[in-house]
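Following: one structure in structure tokens, then a few remarks.
Each ligand, and each atom within it, is numbered from 1 in the order the structure gives. Quick note: residue numbers are just sequence positions, from 1. Bear in mind that the values here come from a model prediction, so they are computed numbers and not experimental data.
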Amino acid sequence: MQRRSFLTSLAAVATAISGGFATKASGAEPKRVVVIGGGYGGATAARYLKLWGRDAISVTMIETDPSFVSCPLSNLVLGGSREMRHITVPYTRLARRGIDVVRDTALAIDPRRREVRLARGAPVHYDRLVLSPGIGFFFDRIPGLGSAEAQQKVLHAWKAGPQTAALRAQIEAMPNGGVFAISIPRAPYRCPPAPYERACQGAWYFKRAKPRSKVLVLDGNEEVQSKKALFTRAWAEDYRGIVEYRPDYVLIDVDARTLTAKFETAEDERVDVLNAIPPHGAAAIAHQAGVVTANDAWCEVDFLTFESVKAKGIHVLGDAIQVAPLMPKSGHMANQHAKVAAAAILALLRDAPVNLSPTMNNTCYSFITDREAAHIASVHQWNAEQKTFLTVPGSGGLSQAASVVEGELGFAWAQSIWDDMLS
Ligand SMILES: Cc1cc2nc3c(=O)[nH]c(=O)nc-3n(C[C@H](O)[C@H](O)[C@H](O)COP(=O)(O)OP(=O)(O)OC[C@H]3O[C@@H](n4cnc5c(N)ncnc54)[C@H](O)[C@@H]3O)c2cc1C
């Protein structure tokens, strides 16, 4: 009964969003929305624009990669308990929904002509553009990573895909007794808990396969950035003698030939596998489009619509944005941005008012072993006075300890968010 009333109210929300838009006036051309990026933000936006806008909207999604590969759960591939096929999802179901999925790379956006120039195909016109391109790395700040050759040796694996498989191969090839170092950039960076989860997954593997090996966490920040009590306990108990954590290790250079990391104040570290996550900001296309407005790294948006503060008609989502206070750069959050933006775009295209009280949530699971996880959650509500999202006092929470039950919930979270964005 309760479930039925929940579904009824969900249907009412969908009708309210799409009301008047779902069927186009006869003879009217559908409005064109182009989405750049088929990741957590872009794929969700494409799907919800089509779901709510139906035949009144034509949706084109431009994505460089042939399939979606998830960063969430990719640390388990590094630990060896999951494989690449477990985190890879094709775009075929989105295409079956009527979304034009174009495998190409957006090279330039012309906001005046409302046009996207592609690497291979003809330019694409839009009435509104969604830009969810994720992150790009500032390799120039780590001079030793300047060449393609160095970047193939010192991997980041901070965008899931070939680098995830390559880093796993490096860890597997490392001798028993070797050191696997993870260098973390200064915050804000993509997914605050993920480097520490990676340390746990490396340690989980070493404990079984190479017990004399070590994980060295070289953090550019003053302390662990998320789930601190949980991770420090795991390192002190489950992974005692395997994980060593060092704060204030700001990476300034690497020697890719000798796998040596160099720091602002600390001594150099020569290791066996060097996983350097360079400082990063919004991906290149956001810089080209001129929508990067904060610290030469991130894109500021109007949070009611996710429209860029700089360029009309361009809605920026996901990790590329300058986030609201305490809002993490996460896949879950990008998925939430996308739904608020899709509803707002549909309203704007029919000159209707946008929702003036959006609320979003975030949940992030971190795996401590192959099966045990813990979560952190938060709720973010629009505040009209401060014109930003603020966390709702008393909402959200943090697990006391990792458990197998939460691990199962973590796997279920991944499956359901992939369905929510890619089916
Ligand atoms: C190791 C790791 C673990 C993580 N774990 C979690 C977790 O447990 N939970 C969670 O919520 N988040 C997690 N995250 C964070 C999450 O992956 C990101 O926050 C999320 O991917 C952001 O979504 P996005 O749409 O902004 O970017 P992405 O998902 O990276 O999507 C961007 C897409 O745009 C494409 N693209 C870029 N430029 C162009 C162009 N010019 N033309 C065409 N296509 C382009 C890219 O190929 C990419 O597919 C993790 C991240 C990492 C690195």
Return all side-chain donor-acceptor pairs below 3.5 angstrom for residues 166-180, not counting sequence neighbours, or 'none' if the list is empty.
unit_1 : atom_1 : unit_2 : atom_2 : d
Arg168 : NH1    : Leu78  : O      : 2.9
Gln170 : NE2    : Lys153 : O      : 3.0
Asn176 : OD1    : Arg212 : N      : 2.8

Minimal non-hydrogen separation, His125 against Arg114, with atom names: ND1-O, 3.1 Å
Suppose we screen for side chain to side chain contact (heavy atoms under 4.5 Å, CB included). Which residues come up paired with Asp100, at least two apart in sequence or across chains? Thr60, Val102
Donor-acceptor contact below 3.5 Å, side chain Gln381 vs main chain Val392: no
Identify, chain by chain and in numerical order, each protein residue with a heavy atom under 4.0 Å from an atom of ligand 1. Ile36, Gly37, Gly38, Gly39, Tyr40, Gly41, Ile62, Glu63, Thr64, Asp65, Cys71, Pro72, Ser74, Asn75, Asp104, Thr105, Ala106, Ser132, Pro133, Gly134, Trp158, Lys159, Arg190, Cys191, Ala194, Arg198, Ile285, Gly318, Asp319, Lys329, Ser330, Gly331, His332, Ala334, Cys364, Tyr365, Trp413
Side chain to side chain donor-acceptor pair (under 3.5 Å): which pairs involve residues 290-304, sequence neighbours left out? Thr293-Glu300
What orientation do Tyr40 and Trp413 show, parallel under 30°, tilted 30 to 60°, or perpendicular over 60°? parallel
